[in-house]
Amino acid sequence: MNIIYMLLAISVFVALIFFAAFILSVKKGQYDDTYTPSVRMLFEDEIVKEKDTKSIHKATKEPIIPK
């Protein structure tokens with residue numbers, strides 16, 4: 001029975017070590033995403049479907065005809 005208590009204590013200790021390592025790596029910026037913001041401007045914006053078929057395009061002042 002004593003071995004179970006010892007193994008439980010060791011496993012909690014190891015878990016605390018891994019948790020502390022995780023917290024330190026988050027604070028040091030290990031998981032910061034530095035790549036995505038630089039390429040975000042290359043992606044197209046989502047296309048919004050027009051609800052009103054009689055709406056007018058703002059730039060050309062022509063009616064929008066759904067396809």
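By convention here, the first residue in the shown sequence is residue 1. All of these numbers come straight from a predicted model, not from anything done at the bench.
For Asp33, the side-chain hydrogen bond (donor to acceptor under 3.5 Å, both in side chains) criterion is met by Thr36, not counting sequence neighbours.
Put simply, Met6 and Ile4 are part of the same group of oily side chains (I, L, V, M, F, W, Y) that touch within less than 4.5 Å, one to the next. In this structure, Val14 is not a member of the same hydrophobic cluster as Leu16, with clusters built from ILVMFWY side-chain heavy atoms closer than 4.5 Å. Hydrophobic clustering keeps Val12 apart from Met1 (ILVMFWY residues linked when any side-chain heavy atoms are closer than 4.5 Å, directly or through intermediates).
Leu7 contributes atom CG, which lies 11.0 Å from atom CG of Asn2 (distance to the nearest 0.5 angstrom).
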Donor-acceptor contacts under 3.5 Å from residues 17-25 side chains, at least two apart:
from	atom 1	to	atom 2	distance (Å)
Ser25	OG	Ala21	O	3.3
Ser25	OG	Phe22	O	2.8

